[in-house]
Amino acid sequence: MYFGQSDKMAKKKTDKNNALRPAAEELYKEELAQLAKEDTGQKPPNWLLSPPAVVQYILGGKLKSGFEIQPKYFGNQQLIEIAVATLVTDRALLLTGIPGTGKTWVAEHLAAAISGNSQLLVQGTSGISEEALRYGWNYAQLIAKGPSLEALVPSPIFVAMQQGAIARLEELTRIPADIQDALITILSEKVLPIPELNSKVEAQQGFNIIATANNRDRGINEMSSALRRRFNTVVMPLPASIKEEVKIVQTRVAALSHTYKLPVKSVPLQEIERLVTIFRELRSGITFDGSQKIKSPSSTLSTAEAISVISNSQALAVHFGNGKVNAQNLLLSMKGAIIKDPKLDTPIWEEYVETVIKSRKGWQDLYES
Ligand SMILES: Nc1ncnc2c1ncn2[C@@H]1O[C@H](COP(=O)(O)OP(=O)(O)OP(=O)(O)O)[C@@H](O)[C@H]1O
Ligand SMILES: [Mg+2]
């Protein structure tokens, strides 16, 4: 609480229902409880659900009782099965792929379903220290009492080892290679030595790590082959078809509308379809009917970006427009996502407008905007 702030304000600030982005285990508490109740499969030690129930939580479906589980991830079932099966073994899981393919999203939901806690998270950065992966010290305590357990500040990975839970490591390849290697002992020996205390933490069963790394960052910091061997890598693909991608955008935008208090029906399906078509065409360098080659801009144009473009046009339409997303709001939001490098991308975008949008049936409003 800030000084001078009333109790009422403080309460409002910390109210869980007001959190901008509640944790997955909080948001889907009911689903997880119902899955656990009906789960007849065998649970690995310290797992809250059996592996098939975890997969069902991620992919959605109907339970025996008729209870409906919302799909979180749209895509290949096998891919999720491989990910879950990896976590049962003593190998860690590495989700890679281009930005915006749902790596972080899937990692969070996996941790929520398996351990009931998706918040044991280390964010990889280039300036990270080994302490962030292992443990640090509370220096006031350290000076007062010397090295002791009370003075030790455990990292989320340390806590996960003690609890037999899943730890998440975001953007693994942003971490310099020599620091990444601190993970090798943790993953192969399943212990974390604490030489200062002449002690160690032994990982409890159920402990594992889900790391994410995006392809485009590769080359900044390669993983050592010793570390790579300790991970099973799953590559997250872009959605296979327009239909699937539209469905993902539609579902996520509906969920976000709820959070941002924007009416869901302010987004016509047709506008999502147009945006996804444009993104897919620019990404692949060819029109969807295969009739025309086009140039691709430097931007990623991932599903995640399509989601934010639609949310953005929705906010424009609701607050400054006529309440429904139209060609004009869409275009305003879209340009920022497509043109990342004005020098390179502007001519590519202009060419696309003149050669594809101009002549496409039913897209005149977009061209005129
Ligand atoms: N196949 C998919 N199914 C469901 N949601 C998806 C899918 N692909 C992307 N998304 C959505 O895209 C958004 C962004 O995904 P996420 O942040 O996990 O991407 P990422 O792969 O971690 O990207 P980055 O490499 O930039 O960190 C999420 O809201 C997620 O719901
Ligand atoms: Mg991510």
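The chain is numbered in sequence order, starting from 1. For ligands, and for the atoms within them, numbers begin at 1 and follow the listed sequence. Only this structure's heavy atoms are used, side chains among them; waters, hydrogens and symmetry mates stay out.
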task = Could you find the nearest protein heavy atom to atom 17 (O) of ligand 1 and give me its residue, atom name and distance?
result = Thr104 CB, 3.9 Å
request  = Give the minimum heavy-atom separation between Ile357 and Trp363, together with the two atoms involved.
outcome  = O-CB, 3.9 Å
query = Between Asn326 and Asn329, is there a donor-acceptor pair closer than 3.5 Å when you use the side chain of the first and the backbone of the second?
reply = yes
message = Whether Lys190 engages the ring of Phe207 as a cation-pi pair (distance to the six-membered ring centre under 6.0 angstrom, angle to the ring normal within 45°) should be assessed.
response = no
inquiry  = Tell me the closest heavy-atom pair linking Pro347 and Pro342, and the distance in Å.
reply    = CD-O, 4.0 Å
ask   = Considering distance alone, does some N or O of Gly102 sit under 3.5 Å from an N or O of ligand 1?
value = yes
query = Any N/O/S of Thr104 under 2.8 Å from the Mg ion (ligand 2)?
reply = yes
Under 3.5 Å donor-acceptor, Arg91 side chain and Phe231 backbone = yes
Contact (N/O only, under 3.5 Å) between Gly100 and ligand 1 = yes
inquiry  = Can you confirm whether more than 12 heavy atoms, excluding those of Gln205, are under 6.0 Å from its CD atom?
reply    = no
task = For atom 25 (O) of ligand 1, grab the closest protein heavy atom and report residue, atom and distance to one decimal in Å.
result = Lys103 NZ, 2.9 Å
request  = Report yes or no: is the cationic atom of Lys295 (NZ for Lys, CZ for Arg) under 6.0 Å from the centre of the six-membered ring of Tyr352, at an angle within 45° of the ring normal?
outcome  = no
task = Carefully, step by step, assess Thr125 and Glu171 under the rule side-chain hydrogen bond (donor to acceptor under 3.5 Å, both in side chains).
result = CA-CA 7 Å; Thr125 61; Glu171 307 291 356; over 6 Å; no
request  = Answer yes or no for Lys72: is there a heavy-atom contact with ligand 1 below 4.0 Å?
outcome  = yes
key: Per atom 11 (C) of ligand 1, closest listed option by heavy atom (Thr212, Ile307, Thr303)   = Ile307
task = Taking all non-hydrogen atoms of both residues into account, name the closest pair between Val253 and Ile307 and its distance.
result = CG2-O, 4.1 Å
key: Taking atom 27 (O) of ligand 1 as the reference point, the nearest protein heavy atom with its distance   = Glu171 OE2, 3.3 Å
ask   = Going by the order shown, which atoms of ligand 1 are within less than 4.0 Å of some heavy atom of Asn214?
value = 25 (O)
request  = Output yes when the distance from some N or O of ligand 1 to some N or O of Thr101 is under 3.5 Å, and no in every other case.
outcome  = yes
key: Shortest non-hydrogen contact between Gln250 and Ile272, atoms and distance   = CA-CD1, 3.9 Å
key: Donor-acceptor under 3.5 Å (Lys340 side chain, Gly336 main chain)   = yes
task = Answer yes or no: does an N/O atom from Phe74 fall short of 3.5 Å to an N/O atom of ligand 1?
result = yes
inquiry  = How far is atom 18 (O) of ligand 1 from the closest protein heavy atom, and which atom is that?
reply    = Trp105 N, 2.8 Å
Nearest neighbour of atom 5 (N) of ligand 1 from the list Ile98, Ile248, Leu256, on a heavy-atom basis = Ile248
message = Give me the residue, atom name and distance of the protein heavy atom closest to atom 14 (C) of ligand 1.
response = Ala304 CB, 3.4 Å
task = Provide the number and element of each atom of ligand 1 under 4.0 Å from a heavy atom of Pro99.
result = 23 (O), 24 (P), 25 (O), 26 (O)
inquiry  = Among all the protein's non-hydrogen atoms, which is closest to atom 29 (O) of ligand 1, and how far away is it?
reply    = Arg252 NE, 3.1 Å
query = For ligand 1, is there an atom lying under 4.0 Å from some heavy atom of Glu170?
reply = no
